[in-house]
Amino acid sequence: MKSIDVCVSPDLMHLYPVDGKSVVVVDILRATSSMVTAFAHGVKSIYPVAKLDDCRAMKSKGYLIAGEREGEKVADFDLGNSPFEYMAPELRGKQIALTTTNGTQAIAKSLGATEIIIGAFLNLSAVADHLINSNNDILVVCAGWKGKVNLEDTVFAGALVDKLSGKFTPACDAPLAAKHLYTSAKTDLIGFLNESSHVKRLNKLNIHDDMKFCCTIDEYRVVPVLVNGHLAVKD
Ligand code: 3SL
């Protein structure tokens, strides 16, 4: 049986080889939730970049430029990082370059994997189905916060481990720990995540609705995949 593992912080990636694996990058609050929402609403592609200046440079190549620092939209950018922004009908068919504090960095650290896909509660079952089809060993890469572990990404990892139990075997104790965390959280996900450091950080920006939306399970069926540096969904 293939295995599933969980890297709870990108700073621990040196312990988790990505070679031969399907990597699921997750940043529930809010980068990967926004990406999944964007594709569900018809965005053509997202070019994830780690650095602000590299993102800004994509404007002259016809991309909309998007992203946040400390949760706030970058002043001269077209879009921030709220999933609600990515529902706008005028974004259909558009190419977006996106940089975020942790989510796009986690993607950059996952390069070299057999495939990199984007996970969120919003597309949990679609991600699980995709992984069953791919049948590679799985590594869930939690974006965390500036190298530190966070609740929401680890709870998502646990939800995925739970969904795939019996089909993929835990590679070490991290997937088991994540699953136990999810078991504690699942009856009241929003209440559980209200305790998290990032919800407190976002609260002061008044984005509680974002958090609630990002906790919605299986709102969408899209599975963004990284191909040639760009995220897209298969038609
Ligand atoms: O760190 C990230 O990638 C962001 O998702 C953070 S925030 O939710 O926009 O603050």
Side-chain angles (χ1 to χ4, degrees), residues 1-29 31-36 39 45-51 54-55 97-124 126-150 152-165 167-179 181-182 222-234:
M1 196 187 291
K2 300 285 182 184
S3 67
I4 181 162
D5 212 342
V6 176
C7 176
V8 293
S9 157
D11 282 17
L12 296 176
M13 283 295 279
H14 58 283
L15 300 174
Y16 297 87
V18 295
D19 195 30
K21 299 207 173 111
S22 287
V23 166
V24 183
V25 176
V26 54
D27 183 359
I28 295 297
L29 299 174
T32 61
S33 299
S34 292
M35 290 170 186
V36 168
F39 285 111
S45 72
I46 295 178
Y47 182 60
V49 281
K51 291 188 184 153
D54 292 343
C55 192
L98 174 70
T99 181
T100 68
T101 309
N102 304 285
T104 57
Q105 325 286 331
I107 294 171
K109 287 199 169 180
S110 302
L111 295 177
T114 296
E115 64 171 2
I116 298 175
I117 67 172
I118 297 300
F121 287 117
L122 294 166
N123 68 345
L124 175 64
V127 164
D129 292 346
H130 178 102
L131 292 166
I132 289 167
N133 254 328
S134 296
N135 201 31
N136 298 313
D137 290 330
I138 299 165
L139 177 65
V140 184
V141 174
C142 299
W145 180 259
K146 298 184 179 176
K148 294 189 176 173
V149 175
N150 71 24
E152 61 275 14
D153 298 342
T154 314
V155 169
F156 169 84
L160 195 56
V161 172
D162 187 54
K163 250 196 178 313
L164 295 172
S165 65
K167 297 195 169 70
F168 291 82
T169 192
C172 70
D173 286 356
L176 295 174
K179 190 175 154 182
L181 198 64
Y182 170 66
V222 293
V223 179
V225 180
L226 192 75
V227 180
N228 297 328
H230 287 74
L231 291 165
V233 290
K234 284 196 190 124

Q: Picking from I117, I116, T104, what satisfies side chain to side chain contact (heavy atoms under 4.5 Å, CB included) with V25?
A: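 Among I117, I116, T104, the one that satisfies the side chain to side chain contact (heavy atoms under 4.5 Å, CB included) with V25 is I116.
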Q: Only counting residues at least two apart or in another chain, list the ones meeting salt bridge (charged side-chain N to carboxylate O under 4.0 Å, His left out) with K167.
A: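 Result, salt bridge (charged side-chain N to carboxylate O under 4.0 Å, His left out) vs K167: none returned.
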Q: Using side-chain contact (heavy atoms from CB on, under 4.5 Å), reason through N136 and K2 one step at a time and then give a plain yes or no.
A: CA-CA 6 Å; N136 298 313; K2 300 285 182 184; 5.8 Å; no
Q: How close do T99 and A50 get, counting heavy atoms only, and between which atoms?
A: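 Smallest heavy-atom distance, with atoms named: OG1-O, 3.1 Å.
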Q: State which residues pass side-chain hydrogen bond (donor to acceptor under 3.5 Å, both in side chains) with D137; sequence neighbours excluded, sorted by chain then number.
A: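 If we apply the side-chain hydrogen bond (donor to acceptor under 3.5 Å, both in side chains) test to D137, skipping adjacent residues, the hits are S3.
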Q: Quick one: closest heavy-atom pair of L231 and F39, and the distance?
A: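 Shortest heavy-atom contact: O-CZ, 3.2 Å.
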Q: For residues 6-16, pull every pair meeting salt bridge (charged side-chain N to carboxylate O under 4.0 Å, His left out), keeping only residues two or more places apart or in separate chains.
A: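 Salt bridge (charged side-chain N to carboxylate O under 4.0 Å, His left out) check on residues 6-16 returns D11-K109.
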Q: Which heavy atom in S33 sits nearest to a heavy atom in L122, and how many Å separate them?
A: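 It is O-CD1, 3.5 Å.
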Q: Evaluate side-chain contact (heavy atoms from CB on, under 4.5 Å) for K234 paired with V225, printing each intermediate quantity in order.
A: CA-CA 8 Å; K234 284 196 190 124; V225 180; 5.7 Å; no
Q: Taking side-chain contact (heavy atoms from CB on, under 4.5 Å) as the definition, give me every residue that meets it alongside S45, ordered by chain and number, with sequence neighbours left out.
A: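 With neighbours one apart ignored, the set is Q95, H230.
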Q: If the condition is salt bridge (charged side-chain N to carboxylate O under 4.0 Å, His left out), which residues does D54 pass it with, not counting sequence neighbours?
A: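 Applying salt bridge (charged side-chain N to carboxylate O under 4.0 Å, His left out) to D54 gives none.
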Q: Other residues, nucleotides and ligands only: do more than 12 of their heavy atoms fall within 6.0 Å of OH on Y16?
A: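 Atom OH in Y16 is packed in, count exceeds 12.
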Q: Enter the distance from T114:OG1 to I138:CD1 here, rounded to the nearest 0.5 Å.
A: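 With rounding to 0.5 Å, OG1 (T114) is 12.0 Å from CD1 (I138).
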Q: Please set out all donor-acceptor pairs under 3.5 angstrom arising from side-chain atoms of residues 152-160, sequence neighbours excluded.
A:
unit_1	atom_1	unit_2	atom_2	d
E152	OE2	N150	ND2	3.1
D153	OD1	I28	N	2.8
D153	OD2	A143	N	3.4
D153	OD2	G144	N	2.9
D153	OD2	N150	ND2	3.1
T154	OG1	N150	O	2.7

Q: Run the numbers on H130 and S22 for side-chain contact (heavy atoms from CB on, under 4.5 Å), then give the verdict.
A: CA-CA 10 Å; H130 178 102; S22 287; 5.7 Å; no
